[in-house]
Asks: 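There's a structure below that I have some questions on.
Positions are given from 1 along the sequence.
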Amino acid sequence: MRPLAFLAGLLLCLLSLSTVQAQPVQSQPSGLVAFGPQRTERIEAELVPMSQWVAPGSTTVVAVRQKIAPGWHTYWRNPGDSGGATSLVWTLPDGVTADPILWPLPSRQRLMSLMNYGYSGAVLLPVPIHVPASARPGEVLTLTTDVLFLVCSDQMCVPEPLTLSLALPVREDAAPLAKPWGGEIERLVETAPRPAGIEARVTAESGKLILTATGGPLAGADVGQVYFYPYEGGRIDHAAVQPGRLGPNGLTLTLAPGREAASSPLSGVLATDKGAWEITAQPGPPLAGAQGQGALAPLDEATSAPARTGVLVFLQALGLALVGGLVLNLMPCVFPVLAMKAASLSAAAHDPARARRDGLAFTAGVLVSFLVLAGALLALRAAGQAIGWGFQLQSPGVVAALALVMLLVGLNLSGVFHVGAGMQNAGSGPLSRLPGAAGAFFTGVLAVVVAAPCTAPFMAAALGAALVLPWPMALAVFLMLGLGLALPYLAISLSPGLLSRLPRPGVWMERLKGLLAFPMYGAALWLLWVFTRQGGVDALGLLLTAALLLAFAAWLLGLAQAARQRGERPVLATICATVAGVMAIGLAGAAAGAAREADATPQGESGPLAAQPWSVEAVAQATAAGRPVLVNLTADWCVTCKINERAALSSPRVAKAMTQANAAYLVGDWTRRDDAITRELQAHGRSGVPLYLLYRPGQAEPEILPQLLTEGVVVDALTE
């Protein structure tokens with residue numbers, strides 16, 4: 001079997017299962033309608049009416065009322081340089097329709113070199129609702145909308161999905177304004193930006209965009225301060241100043257162009273001290289009468305957010321990602337793969353060209369894999385899904401595929417079959433390494449996939465920032481993380497001096513290869529244990545049968561390879577190996593399906609401490625009773641989590657300290673997808689487990705304990 005085809009087949013099987021299993025889980029409607037305010041830690045929201053009732057065939061207005069916690073904000077229809085607009089998905093009675101949001105003017109939020117547009121405090125987003133003439137007086141119309149808020153602070157952003165409902169009675173007569181929000185909604189509707197007969201042009205000139213607007217309410221008026229809010233991101237540089245000139249019939253603004261072409265019309269809101277109006281500037285020469293009467297008044301400074309959210313956070317995230325990637329090399333889940341490549345490096349120690357090729361290919365595999373994972377995470381983020389690092393190991397299908405891949409790698413190292421034996425250099429033997437650049441690339445892919453459960457120190461904060469930053473910055477953070485993981489191997493492979501100090505290949509390499517098979521078998525057993533926790537013993541039985549068939553197929557393949565070396569044609573062995581391999585893949589798929597259908601009740605126990613399932617409500621109840629609360633957000637596939645639980649959280653000293661402090665111990669199990677835990681991780685700037693929180697009575701914010709725990713750290717935190 002050709003090595004490239006073999007590796008491609010393995011990757012195809014792994015990626016196909018990963019693609020199927022990594023799809024976002026859609027929540028099923030509960031059949032219950034929740035009226036009144038809905039709350040999270042960061043935002044309170046509800047649907048409120050402008051009128052007390054509606055008439056058949058009329059148009060009314062309801063509003064999404066937001067009460068945003070201090071230090072947090074949501075976004076306008078164009079969020080600016082980062083963030084995401086609030087979105088509504090309506091469920092309405094037959095014949096009832098909803099228009100888009102009538103967006104109030106946002107505030108400007110400067111973030112170092114960036115500019116965002118959004119809202120803080122209390123805000124109403126009005127939405128016109130059209131009632132059909134067929135509506136019958138006396139009935140009640142239930143309006144429901146699924147709202148996705150992106151709520152951000154100076155350090156993080158948290159997607160907050162809420163379902164809001166409102167009951168509107170139908171009556172024949174005209175309705176008075178509803179209290180307490182009817183009057184304010186009416187004012188917002190009356191003052192909402194709308195077209196006002198303003199003619200506008202946009203002209204590209206000397207690297208600038210010249211926006212001229214004349215007529216309508218601008219003619220002969222002193223409009224005071226002026227700012228243009230574009231409807232589309234990327235058309236202008238949001239953070240650049242907008243100097244302007246006043247004319248007898250209008251005004252001129254000088255805008256800095258953005259990354260998008262300026263040849264198409266430019267639409268947005270022209271906001272002035274005298275009002276705000278929608279305009280669409282067509283490409284063309286500047287309009288007459290738009291300047292000549294002096295400069296416009298300087299614009300008030302935009303609402304500023306702490307500098308940390310901008311470039312500083314990005315640079316800090318890059319540094320933390322690089323350090324986190326380096327530390328990731330020491331994590332137990334990735335070590336077997338790197339040990340295998342270290343042996344390959346020793347085999348190429350005295351062939352610098354081959355070592356450089358392998359080092360670059362391994363680095364490419366790591367970086368490409370991080371880009372794929374980053375793309376999946378960012379796509380799910382854009383779709384509004386609750387996500388987190390390590391999400392692929394929440395899928396039983398991916399865990400099953402990885403277990404079988406680890407088994408195959410171990411069998412290859414043990415000499416049951418050979419991958420690319422004919423491609424090895426003379427004297428190095430068939431097991432000296434995986435074949436060439438393809439093998440090095442594949443090992444880089446494998447290292448990233450198995451590294452995900454180990455959220456190393458420094459890595460969690462970097463990933464948390466990456467899931468908040470704009471997507472180009474986020475991809476840069478993921479690439480820096482991959483560079484940190486690959487850097488030691490790459491540095492040695494590119495250094496002839498270091499390579500020359502490594503021992504020459506020999507018989508010891510064969511023995512080392514056989515020895516390194518056992519960490520791969522251990523990794524396969526660990527993944528089988530994770531799979532059992534996710535899917536139960538029935539699914540495990542199917543997967544074990546698949547593993548047996550796969551090992552049988554590998555043995556037959558080894559026999560066929562030996563027969564070819566003797567000049568024979570092993571047709572029967574090849575056919576049987578193929579059939580066994582296909583059956584193994586089919587059984588693995590069946591095992592993954594059985595695991596998905598199994599009871600996914602989270603496991604609440606973690607060590608000898610008396611644990612209860614974590615929830616926001618459980619934390620609130622315990623702290624309200626005056627008890628400290630130790631929260632452990634963990635997962636069975638997180639090796640670091642399990643080490644901490646056995647080394648620190650199983651200690652008699654910790655149990656004694658918990659008892660003396662009358663502390664509650666709550667465990668959040670993230671082994672399978674749990675959006676509530678994902679949101680809690682994001683709320684504390686993390687994208688993966690472990691996360692340890694200590695809540696103290698009377699303190700709103702918890703203390704975040706280190707990711708690598710010792711019993712002393714926990715005891716000291718409990719006794720402070």
Asks: Around D173, counting heavy atoms of other residues, nucleotides and ligands shown, do more than 12 lie under 6.0 Å from its CG?
Replies: yes

Asks: For the residue pair W76 and Y229, categorise the inter-ring angle as parallel (less than 30°), tilted (30 to 60°) or perpendicular (more than 60°).
Replies: perpendicular

Asks: Please name the pair of heavy atoms, one in P104 and one in Y119, separated by the smallest distance, quoted to 0.1 Å.
Replies: O-OH, 2.7 Å

Asks: Could you check whether any side-chain N or O of D81 sits under 3.5 Å from a backbone N or O of M115, counting only pairs where one atom can act as donor and the other as acceptor?
Replies: yes

Asks: Keeping the roles fixed (side chain from N249, backbone from T214), state whether a donor-acceptor pair exists under 3.5 Å.
Replies: no

Asks: Tell me if a side-chain donor or acceptor on R235 pairs with a main-chain N or O of S264 at a distance below 3.5 Å.
Replies: yes

Asks: Examine distances only and state if a side-chain atom of N116 and a backbone atom of Q109 form a donor-acceptor pair shorter than 3.5 Å.
Replies: no

Asks: Find the distance between CZ (F228) and OG (S267) and round it off to the nearest 0.5 Å.
Replies: 7.0 Å

Asks: If we ignore hydrogens and angles and just use 3.5 Å, is the side chain of T40 paired with the main-chain N or O of I43 as donor and acceptor?
Replies: yes

Asks: First locate atom CE of M50, then atom CG of L124, and finally report the distance between them rounded to the nearest 0.5 Å.
Replies: 12.0 Å

Asks: Are the side chains of T142 and L166 in touch, meaning some heavy atoms are under 4.5 Å apart?
Replies: no

Asks: Using a 4.5 Å cut-off on heavy atoms from C-beta on, say whether the side chain of E278 contacts that of Y231.
Replies: yes

Asks: With side chain to side chain contact (heavy atoms under 4.5 Å, CB included) as the criterion, how do W53 and L168 come out once you've worked through the C-alpha distance, each side chain's angles and the decisive distance to 0.1 Å?
Replies: CA-CA 6 Å; W53 59 80; L168 278 179; over 6 Å; no

Asks: Kindly give the heavy-atom pair with the smallest separation between S165 and T144, and that separation in Å.
Replies: OG-OG1, 3.0 Å

Asks: For V269 and Y227, run side chain to side chain contact (heavy atoms under 4.5 Å, CB included): C-alpha distance rounded to whole Å, both residues' side-chain angles, the deciding distance at 0.1 Å, then the answer.
Replies: CA-CA 8 Å; V269 173; Y227 189 87; over 6 Å; no

Asks: Would you say V226 and L270 make side-chain contact, with heavy atoms under 4.5 Å?
Replies: yes

Asks: Quick one: closest heavy-atom pair of L92 and W90, and the distance?
Replies: CD2-CE3, 3.6 Å

Asks: Can you name the nearest heavy-atom pair linking P126 to I185, along with the distance?
Replies: CB-CG2, 4.5 Å

Asks: Please report the interatomic distance CD(Q291) to CG(L296), rounded to the nearest 0.5 Å.
Replies: 10.5 Å

Asks: Within this structure, what is the CG-OG1 distance for the pair D146 and T91, rounded to the nearest 0.5 Å?
Replies: 5.5 Å

Asks: Which is it for T203 and T212 under the side chain to side chain contact (heavy atoms under 4.5 Å, CB included) test, yes or no, and what are the steps along the way?
Replies: CA-CA 8 Å; T203 309; T212 53; 5.5 Å; no

Asks: Rounded to the nearest 0.5 Å, what separates atom CG in L287 from atom CD1 in I198?
Replies: 11.5 Å

Asks: Check whether any side-chain heavy atom of L177 lies under 4.5 Å from a side-chain heavy atom of E186, and answer yes or no.
Replies: yes

Asks: Quick one: does any side-chain atom of T252 pair with a main-chain N or O of A290 as donor and acceptor, under 3.5 Å?
Replies: yes

Asks: I'd like to check L266 versus T280 (side-chain heavy atoms, cut-off strictly below 4.5 Å). Are they in contact?
Replies: no

Asks: For the residue pair Y117 and H238, does the interplanar ring angle fall in the parallel (under 30°), tilted (30 to 60°) or perpendicular (over 60°) class?
Replies: perpendicular

Asks: Using a distance-only test with no angle check, is there a side-chain donor-acceptor pair under 3.5 angstrom linking Q66 and T74?
Replies: yes

Asks: Side chains of T163 and V147: does their closest heavy-atom pair fall under 4.5 Å?
Replies: no

Asks: I'd like to know if E46 and K67 make a salt bridge, using a cut-off of under 4.0 Å between side-chain N and carboxylate O.
Replies: no

Asks: Check residues 188-195 and write down every donor-acceptor pair under 3.5 Å in which the side-chain atom is one partner and the other belongs to a residue at least two apart or another chain.
Replies:
{"unit_1": "T191", "atom_1": "OG1", "unit_2": "R187", "atom_2": "O", "d": "2.8"}
{"unit_1": "R194", "atom_1": "NH1", "unit_2": "V189", "atom_2": "O", "d": "3.3"}
{"unit_1": "R194", "atom_1": "NH1", "unit_2": "E190", "atom_2": "O", "d": "3.1"}
{"unit_1": "R194", "atom_1": "NH1", "unit_2": "A192", "atom_2": "O", "d": "3.2"}
{"unit_1": "R194", "atom_1": "NH2", "unit_2": "V189", "atom_2": "O", "d": "3.0"}

Asks: Looking at every non-hydrogen atom in both residues, tell me the closest pair between P217 and A196 and how far apart they are.
Replies: CD-O, 3.4 Å

Asks: Pick one: which of T59, T60, T97 meets side chain to side chain donor-acceptor pair (under 3.5 Å) with H130?
Replies: T59

Asks: Answer yes when R201 and E199 have at least one side-chain N-carboxylate O distance shorter than 4.0 Å, and no when they do not.
Replies: yes

Asks: Do you know which two heavy atoms are closest between A167 and P169, and how far apart they sit?
Replies: O-CD, 3.7 Å

Asks: Would you say the side-chain atoms of T272 pair up with the backbone N or O of K274, donor to acceptor, closer than 3.5 Å?
Replies: yes

Asks: Within a strict 4.5 Å, meaning less than it, do heavy atoms of the L125 and T86 side chains meet?
Replies: yes

Asks: Passes side chain to side chain contact (heavy atoms under 4.5 Å, CB included), L164 versus L143? Steps please.
Replies: CA-CA 8 Å; L164 311 178; L143 315 179; over 6 Å; no

Asks: For the atom pair NE2 (H73) and CD1 (I68), what is the distance rounded to the nearest 0.5 Å?
Replies: 9.0 Å

Asks: Are any of the side-chain heavy atoms of L253 and P243 separated by less than 4.5 Å?
Replies: no

